[in-house]
Structure formats: structure tokens, C-alpha cells
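The sequence lines fix the lettering, A, B, ..., with proteins before strands; numbering per chain opens at 1.
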Protein chains: 2
Amino acid sequence: METSMTMTIDHALGRKLERFARLSEEDHRALRRLREAPLREVEPRADLIAEGDEPAVVRLSESGWACRYKHLPNGRRQIVGLFVPGDFCDLNVYILRHLDHSIGAISKVRYYALPPHMIEELVHDRPRIGKALLWNELVQASIQREWLLTLGQRNARERLANLFVEMFHRVRSIGLAGDGKFEFPLTQTDLADTTGMTPVHTNRTIQELRQEGLIDMDRRHLGICDLAALSRLAMFNAGYLHLDREGETLDAAN
Amino acid sequence: METSMTMTIDHALGRKLERFARLSEEDHRALRRLREAPLREVEPRADLIAEGDEPAVVRLSESGWACRYKHLPNGRRQIVGLFVPGDFCDLNVYILRHLDHSIGAISKVRYYALPPHMIEELVHDRPRIGKALLWNELVQASIQREWLLTLGQRNARERLANLFVEMFHRVRSIGLAGDGKFEFPLTQTDLADTTGMTPVHTNRTIQELRQEGLIDMDRRHLGICDLAALSRLAMFNAGYLHLDREGETLDAAN
DNA sequence: CGTTAGATTGAGCGCTATCAATTTTTGTGG
DNA sequence: CCACAAAAATTGATAGCGCTCAATCTAACG
């Protein structure tokens with residue numbers, strides 16, 4: 001919890017990109033220079049950018065959780081992506097003229113508003129970073145595919161279990177969940193909008209998982225009590241997160 | 001139907017990319033040169049590439065329909081993407097070492113197996129094509145987000161309606177559905193795996209849409225009888241397909 | 001210590017799943 | 001061109017997972 005407040009960009013982003021390519025000291029210096037961009041802050045529940053806006057900057061999350069979401073005319077909302085520190089909210093989206101979705105803050109979010117040219121120069125000057133960024137985008141796409149699998153084929157318990165295990169891995173990979181317990185600021189309504197269920201059923205399912213000793217969720221914090229059992233229940237397959245670095249092997253917890 | 005057989009790469013891909021950037025005659029020549037790559041053919045139901053494989057080539061569909069799908073250990077299958085002629089099945093995926101999903105042929109598929117260097121050179125030599133390709137990828141990601149919205153928040157009728165309208169637009173954009181009727185080779189089981197429903201319920205829902213005069217589906221062909229009503233039912237918002245070209249405006253059929 | 005957002009509980013319903021059979025279409029060989 | 005086999009579509013009956021509505025309880029906050 002307090003660790004999340006000390007998380008800075010070079011930690012989260014650098015650590016994450018290190019997963020994809022070994023970066024030189026010069027690469028890391030270039031990444032740290034991103035911190036020269038203006039740092040903005042949005043309150044929980046506020047939007048970083050709304051559907052229809054013309055995206056003008058690239059947002060690099062520095063602290064806090066955010067989500068990508070879409071609305072239906074009938075008011076229903078679906079969260080289609082989650083961002084933790086070190087994630088780019090819209091690395092490429094600025095290329096499309098109109099955003100087809102919104103990005104909202106879940107907890108208080110601080111992010112760097114990077115002018116597109118800054119990214120373009122970074123990619124041009126430091127090709128290895130460019131490759132890592134592409135890699136990172138491909139992993140995001142992979143996560144989206146797994147979410148489709150979840151919404152289409154997993155039941156309530158499996159949906160929540162899979163989300164919990166995924167976020168555990170993602171948060172741990174930036175160094176914020178070493179002990180299996182971490183900040184998890186989604187409300188049960190947010191969870192419902194993520195898993196395509198109702199808040200009521202989300203609540204009941206969480207209670208089940210809790211009573212079975214799989215998780216421990218309270219006050220915006222999630223504890224993974226039994227990772228193996230939870231992963232089994234979720235039919236979690238670590239492959240889609242592509243956590244292994246190029247050239248290395250990782251025995252999937254699956 | 002017979003028109004689909006005469007569809008060649010420069011038509012489908014060129015036409016599609018034209019939506020994103022005005023291409024020069026030289027650009028089009030470069031695109032046509034992609035046809036020098038080996039043309040492969042796979043039978044319906046066969047895989048172009050399976051989960052776990054190391055993708056070595058980029059597949060550019062020339063004719064036929066294919067799908068991207070994932071499996072759960074319990075046997076359930078989710079189709080997470082559809083490909084029509086002119087679509088790249090895996091423009092960038094070859095960068096990740098292991099494919100986290102499979103790509104299967106729905107109808108007989110012919111595709112160009114492009115060595116990665118061919119794409120890299122194309123992007124390098126013809127930056128405008130490179131931009132159009134990036135654009136194309138972003139649209140694919142946008143479609144995935146809409147599918148998440150569908151699976152999370154739309155009911156059975158809305159799911160099918162949205163898929164039908166989307167595919168109508170996509171097929172029409174490559175010139176294969178001018179009259180509102182087009183080849184649609186998904187079986188009802190495929191549709192079920194796409195919409196996250198059972199084949200039985202898919203069947204019953206299709207019958208409803210048929211009886212209400214919205215669609216006409218028979219023998220691997222889909223007719224859109226009432227686009228306006230179908231779009232309304234689906235709460236279809238054309239924006240996510242980004243069909244409008246840079247600098248132009250399109251009054252969304254929505 | 002109100003005020004309010006979020007979490008929890010209860011009851012009843014309905015959309016979609018499941019199981020199982022039958023009919024129709026498609027494809028193939030005689 | 002017909003007969004047969006296999007795939008796909010269709011129908012019927014029943015069950016259940018998750019939704020809806022509505023109330024209550026709890027925690028966060030000024």
C-alpha cells in the first residue's frame with residue numbers, strides 16, 4: 001500500500017519493459033527522461049479521457065489504477081481493460097481520430113502526459129525500447145483475447161478467479177505484490193462491469209471464494225490465499241501474459 | 001458467392017487500406033508485389049496455425065473466412081476474431097515467441113505466407129503503407145474491445161445482431177456485399193462459439209431474427225433484410241469500425 | 001454524527017444451458 | 001442420378017445460473 005506511493009515510472013515501466021528486452025543503461029536513462037513530461041492527476045471516478053475526444057497525448061500511468069471502458073446506449077457499462085502503474089493507457093490510440101471508448105480513474109491516478117513526438121523520438125533513438133513497446137502492446141492485445149475467452153466461456157467463479165490471478169501476476173511484475181496481498185481498488189460494481197455480471201452476483205461469488213479460503217478481499221485490498229487452487233479454478237494459463245523474457249523459459253504456474 | 005472467388009489481394013487489401021490513407025500508384029504496386037509470396041490453401045475446419053506454434057510467417061488472407069480462437073481445458077472454445085479476405089491474421093504476432101491462440105479456417109482459405117522481412121521492407125520503403133497497416137491493427141484492437149462489450153453486456157439477440165451488422169460492414173468494405181447479401185460461412189456452432197452461447201440457443205435466436213424479417217440466413221449466406229432495425233436492435237455504433245477515412249466524415253448508419 | 005457510497009442479504013423470476021431426439025442439408029460413392 | 005453417411009439445423013422438455021428488485025447493513029468521510 002505505502003509502496004504504491006513510492007512507485008515511480010522508471011521502476012514500473014523499466015521493470016516491465018525489462019521483461020521483453022534487456023535494456024542498456026542508456027535505454028533506462030531515456031526512459032527516465034519521460035518523467036520530464038507534465039505529470040497530471042485525476043481523482044477516483046473521474047475520466048482521463050472520454051469517448052469521442054481527440055486524443056492528443058499518450059498517457060503513461062505513474063501511480064493508481066485506471067480502466068478502459070465502453071458504454072451501451074441503454075446505460076450498461078463494460079470495462080475492457082485495466083491499467084496499473086507503468087501501463088500506457090493509449091500508446092497508439094492517438095493515431096485514430098476519435099476515441100471509441102473512455103478511460104477512467106479507479107483510484108487516484110497520476111500519469112505522465114507524453115506528447116506523441118516524445119514517443120516517436122524515443123522509438124527512433126532507442127530501437128530496443130521501440131521493440132519492447134511493441135511487445136508490450138502485443139501482450140495487451142493478448143490479454144484482451146483472454147478476456148474474451150473469459151466473458152464467453154467462463155462462469156462467475158471462474159471469471160473472478162481469473163481476473164484475480166491475472167492482476168496478481170501483473171501487479172507482482174511491477175514489484176507491488178510480493179507477499180500475495182496488494183492494493184486492488186475496484187469496487188464490486190467495477191468488478192461486475194469487468195466480468196459482465198451484476199453487482200449482486202459478484203458479491204455472492206466473492207463471498208464464496210472467500211469462504212473457500214481462496215482469497216481475502218477487504219478495503220480495496222486483495223489477498224491471494226491459495227494461488228494454486230485459484231489458478232486451477234480459473235483454468236488460468238500464464239502463457240497469455242507472456243511473462244517470460246526472450247530467450248528464457250518460465251515454468252508456467254499453470 | 002462467385003464474386004468471392006475472383007477476389008484478389010490487391011482488391012481486398014488495397015481497398016481496405018485506402019480507407020486509412022490515400023495510397024499512391026507506387027504504394028499499390030508495392031502491395032501487389034505481396035502476391036509474389038507463396039500462396040497456401042487450407043481446407044475448412046483445418047488450422048492455419050495452432051496454439052503453441054512459433055509463428056514464422058505473416059498470413060494475409062486472400063479468399064475465404066478464418067477465425068482466431070482459444071480453448072479452455074474443459075473443452076469450451078471461444079472465437080475471438082474473424083478474418084475476411086484482405087485481413088492479416090497475425091501481422092505482429094510473430095514477434096511473440098509462442099502463439100497463445102489458434103487460427104482456423106472456416107471456409108476454404110487461401111492466404112499469402114509472407115516472410116516477416118517482406119513486411120518490414122514494405123513498411124520501411126512505403127511509410128504511408130506502414131501507417132495504414134498500423135491503423136488497420138488499431139481498428140482490429142477496437143473491434144476486440146467492442147466484442148468485449150458484446151460478450152459482457154449484450155443479450156443473445158443483440159449479440160447476433162451486432163455480429164451480423166459488423167460483418168456486413170466489413171465485407172461490404174472490401175466490395176463483397178453490395179446488395180446486402182453475402183457469403184457467411186459460419187455454422188451455427190461457430191456462431192455459438194463467437195457469441196458465447198450454446199448452439200441450441202443460437203439457433204432459436206436466429207429463428208427469431210428471421211421471423212421478424214431482420215435477416216435471411218441460409219446455406220452459408222447471410223442477407224441483411226432490415227439494416228436499420230438490426231442496427232438499432234444491436235445498439236450498433238459504427239464508430240468502432242473506423243470506416244471513415246482521415247479527413248472525411250461519414251454519417252454513421254447508427 | 002450525519003451523509004453517502006459500497007457491501008450484503010432475501011425472494012422470485014427468466015434467459016440461457018443442458019439433454020436428447022429428430023429432421024434437413026451436404027457430401028460422396030456406387 | 002440415387003443411396004448412404006455425416007454434418008448441420010431444428011425441436012421439445014427441463015433445469016439452473018445469474019438477473020432483478022428492494023431492503024438493510026457497514027464503512028468511509030467531512
Legend entry - Among C/dT16, D/dT11, C/dA7, the nucleotide that comes nearest once only the side chain of A/N203 is considered: C/dA7
Legend entry - Selected nucleotide, minimal atom distance to B/Q188 side chain, candidates D/dA9, D/dA8, C/dA7: D/dA9
Inset, instruction - Report yes or no: does A/R159 contribute a side-chain atom to a donor-acceptor pair with the main-chain N or O of A/L151 at less than 3.5 Å? - result: yes
Legend entry - Under 3.5 Å: donor-acceptor pair, side chain of A/R59, backbone of A/D90: no
Check the distance between [N]'s [atom2] and [X]'s [atom1] and give it to me in whole angstrom.
X: B/D218; N: D/dA8; atom1: CG; atom2: C1'; result: 12 Å
X: A/E208; N: D/dC17; atom1: CD; atom2: P; result: 10 Å
X: B/R154; N: C/dT16; atom1: CZ; atom2: C1'; result: 18 Å
X: B/Q153; N: C/dT16; atom1: CD; atom2: P; result: 13 Å

Inset, instruction - Tell me, please, which residues at least two apart from B/F83 pass ring pair (Phe, Tyr, Trp, His ring centres under 6.0 Å). - result: none
Legend entry - ring pair (Phe, Tyr, Trp, His ring centres under 6.0 Å) involving B/F88 - partner list, sequence neighbours excluded: none
Tabulated below should be each protein N or O lying under 3.5 Å from an N or O of nucleotides 19-23 of chain D; please produce it.
from, atom 1, to, atom 2, distance (Å)
D/dC19, OP1, A/T198, N, 3.2
D/dC19, OP2, A/T198, N, 3.2
D/dC19, OP2, A/T198, OG1, 2.8
D/dT20, OP1, A/R76, NH2, 3.1

Legend entry - Contact check, side chains of A/L233 and A/R157, non-hydrogen atoms, under 4.5 Å: yes
Can you tell me if [X] touches the phosphate of [N], counting only side-chain N or O atoms and a distance under 4.0 Å to OP1 or OP2?
X: A/R210; N: C/dT8; value: yes
X: A/R220; N: C/dA7; value: yes
X: B/Q207; N: D/dA9; value: no

Atom pairs under 3.5 Å, N or O on each side, protein against nucleotides 24-30 of chain D: can you list them with distances?
from, atom 1, to, atom 2, distance (Å)
D/dA28, OP1, A/R219, NH1, 3.4
D/dA28, OP2, A/R219, NH1, 3.4

Pairs under 3.5 angstrom only: tabulate donor-acceptor contacts from the side chains of residues 37-44 of chain A to other protein residues two or more places apart or in another chain.
from, atom 1, to, atom 2, distance (Å)
A/R40, NH1, A/Y111, OH, 3.4
A/E41, OE2, A/K108, NZ, 3.2

Legend entry - the helix from C/dC1-D/dG30 to C/dG30-D/dC1: angle between end helix axes, five pairs per end, rounded to 10 degrees: 50°
Legend entry - Nearest-0.5 Å distance that lies between atom NE2 in A/H71 and atom CG in A/D193: 7.5 Å
Inset, instruction - State the OG1-CG distance between B/T150 and B/N155, to the nearest 0.5 angstrom. - result: 10.5 Å
Inset, instruction - Apply the side chain to side chain contact (heavy atoms under 4.5 Å, CB included) test between A/R77 and each candidate in A/T189, A/T194, A/D190; give the one that qualifies. - result: A/D190
